[in-house]
Chemist: 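Please find one structure pasted underneath; my questions will follow.
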Amino acid sequence: MGEAQVRPGTGAKKSYVVAGAILSCSYGTQPTRLKRPFSHGVYVKNKAQMNIGDYVPGVNIQSFGNCSSPLNPAVQASEMVDIYGVKKAPCVPVLTMPWLNGKSDVKIEGQPALTQNCTHQCLYCGHIQIENDGQELD
């Protein structure tokens, strides 16, 4: 085993997340976009800035395609399998708390700002992360 290399970061992972950011789930088959039906009134590059409370399934976070988590009862009961024989079922994220690691010294409508290093965990153990902060996307 080689030694781990520690390199200085660019700090880019701390960027503010806006509506339209791209999210991924470790058990999902496709990325999805973070949505915000109504703006908090704060904008970055003319896009609504998000806070850690923007995690509601079906409102802020849509389906990640299909789910392959063995802890998901829908997957356990599914007859659908991929080419590798892994069971799948339509993804319905189950999220019960706000995003983790928000920027607590920057409040957006009273809640910590959402930054690109924030993460989330689905009830079925899917690890949700922010792949793109959305600032440069259409």
Side-chain angles (χ1 to χ4, degrees):
M1 296 269 267
E3 284 186 46
Q5 294 291 317
V6 178
R7 296 187 187 94
T10 61
K13 291 289 270 183
K14 292 274 191 187
S15 60
Y16 292 116
V17 173
V18 298
I22 296 175
L23 312 179
S24 68
C25 175
S26 58
Y27 282 117
T29 56
Q30 65 188 44
T32 191
R33 289 206 170 198
L34 186 59
K35 297 193 181 324
R36 178 81 203 144
F38 302 101
S39 170
H40 293 296
V42 180
Y43 296 86
V44 175
K45 298 184 180 175
N46 292 322
K47 295 177 183 179
Q49 190 171 343
M50 309 297 268
N51 71 28
I52 63 165
D54 293 320
Y55 70 93
V56 181
V59 176
N60 306 118
I61 300 177
Q62 309 298 321
S63 171
F64 290 96
N66 288 315
C67 176
S68 62
S69 170
L71 298 174
N72 183 338
V75 171
Q76 294 167 10
S78 179
E79 298 297 317
M80 209 168 55
V81 292
D82 67 12
I83 61 170
Y84 304 106
V86 176
K87 280 186 162 196
K88 295 199 176 312
C91 161
V92 178
V94 180
L95 310 170
T96 60
M97 56 187 238
W99 287 88
L100 301 173
N101 306 315
K103 189 158 173 49
S104 55
D105 61 339
V106 176
K107 299 279 199 265
I108 305 298
E109 245 187 340
Q111 295 210 53
L114 191 61
T115 59
Q116 197 173 348
N117 64 314
C118 291
T119 59
H120 215 298
Q121 192 82 25
C122 178
L123 189 65
Y124 305 129
C125 293
H127 177 75
I128 298 170
Q129 60 189 24
I130 299 165
E131 299 291 340
N132 186 305
D133 63 21
Q135 290 187 24
E136 303 296 334
L137 300 175
D138 289 333

Chemist: Please find the pair of heavy atoms, one from Leu95 and one from Ile61, that lie closest to each other, and give the distance.
Modeler: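 Heavy atoms of Leu95 and Ile61 come nearest at CD1-CD1, 3.5 Å.
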Chemist: Please give me the minimum heavy-atom distance between Cys91 and Pro93, naming the atom from each residue.
Modeler: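 That would be SG-CD, 3.7 Å.
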Chemist: Quick one: which residue pairs count as a ring-ring contact (aromatic ring centres under 6.0 Å, His included) with a foot in residues 56-76, not counting sequence neighbours?
Modeler: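 Found none.
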Chemist: Enter the distance from His127:NE2 to Gln121:CD here, rounded to the nearest 0.5 Å.
Modeler: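 One finds 7.0 Å between NE2 of His127 and CD of Gln121.
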Chemist: Go through the structure and list residues passing ring-ring contact (aromatic ring centres under 6.0 Å, His included) with His120, not counting sequence neighbours.
Modeler: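 Once residues adjacent in sequence are excluded, the partners of His120 under the ring-ring contact (aromatic ring centres under 6.0 Å, His included) criterion are Tyr55, Trp99.
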Chemist: Can you pull out every side-chain hydrogen bond (donor to acceptor under 3.5 Å, both in side chains) where at least one residue sits in residues 19-33? Sequence neighbours excluded, please.
Modeler: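 side-chain hydrogen bond (donor to acceptor under 3.5 Å, both in side chains) check on residues 19-33 returns Ser24-Glu131.
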Chemist: State, yes or no, whether a side-chain contact exists between Val106 and Pro112 at a heavy-atom distance under 4.5 Å.
Modeler: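 Heavy-atom side-chain distance check fails, nothing below 4.5 Å.
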Chemist: Can you check whether Cys118's main-chain N or O pairs, donor with acceptor, with Gln129's side chain at less than 3.5 Å?
Modeler: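 No, because the side chain of Gln129 does not come within donor-acceptor range (under 3.5 Å) of the backbone of Cys118.
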Chemist: Out of curiosity, Asn72 CG to Cys122 SG, how far, rounded to the nearest 0.5 Å?
Modeler: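 Here the rounded value is 7.0 Å.
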Chemist: Would you say that Asp105 contacts Lys103 through its side chain, given a criterion of any heavy-atom pair below 4.5 Å between the two side chains?
Modeler: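 Asp105 vs Lys103: side chains touch.
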Chemist: May I ask you to decide if Gln76's main-chain N or O and Lys87's side chain share a donor-acceptor pair within less than 3.5 Å?
Modeler: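 Indeed, once roles are kept as given, a pair shorter than 3.5 Å links the two residues.
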Chemist: Hydrophobic clustering (ILVMFWY, side-chain heavy atoms < 4.5 Å, transitive) - are Leu23 and Ile52 grouped together?
Modeler: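 Shared cluster, yes.
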Chemist: Heavy-atom distance under 4.5 Å between the side chains of Arg36 and Gln49, does that happen here?
Modeler: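 Result no, sub-4.5 Å side-chain heavy-atom pair not found.
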Chemist: So do Asn101 and Thr115 actually touch side chain to side chain, heavy atoms under 4.5 Å?
Modeler: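 No; the side chains remain at least 4.5 Å from each other.
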Chemist: For Asn46, look at atom CG and say whether over 12 heavy atoms of other residues, nucleotides or ligands are found less than 6.0 Å away.
Modeler: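 No, because the 6.0 Å sphere around CG of Asn46 holds 12 heavy atoms or fewer from other groups.
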Chemist: To check you understand the geometry: which heavy-atom pair defines the closest contact between Gly126 and Cys25, and what is its length?
Modeler: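 In terms of heavy atoms, the two residues are closest at CA-SG, 3.7 Å.
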Chemist: Quick check on side chain to side chain contact (heavy atoms under 4.5 Å, CB included): which of Lys47, Gln116, Lys14 does Asp133 satisfy it with?
Modeler: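 Result for side chain to side chain contact (heavy atoms under 4.5 Å, CB included) with Asp133: Gln116.
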Chemist: Kindly give the heavy-atom pair with the smallest separation between Tyr43 and Ala48, and that separation in Å.
Modeler: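 Smallest heavy-atom distance, with atoms named: CD2-N, 3.6 Å.
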Chemist: So which atom in Ser15 and which in Gln135 form the shortest heavy-atom distance, rounded to 0.1 Å?
Modeler: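 Residues Ser15 and Gln135, closest heavy atoms: CB-NE2, 4.3 Å.
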Chemist: What residue among Ile22, Asn132, Ile130, Leu114 forms side chain to side chain contact (heavy atoms under 4.5 Å, CB included) with Leu34?
Modeler: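 Only one of Ile22, Asn132, Ile130, Leu114 forms a side chain to side chain contact (heavy atoms under 4.5 Å, CB included) with Leu34, namely Leu114.
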Chemist: Once rounded to the nearest 0.5 Å, what's the spacing between atom CD of Gln111 and atom CG of Asn51?
Modeler: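 Spacing of CD (Gln111) from CG (Asn51) equals 4.5 Å.
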Chemist: Kindly give the heavy-atom pair with the smallest separation between Met50 and Ile108, and that separation in Å.
Modeler: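 Heavy atoms of Met50 and Ile108 come nearest at O-CG1, 4.1 Å.
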Chemist: Test of understanding: clusters of I, L, V, M, F, W, Y form through side-chain heavy atoms closer than 4.5 Å, transitively. Do Ile83 and Val86 belong to the same one?
Modeler: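 Yes, one cluster joins them.
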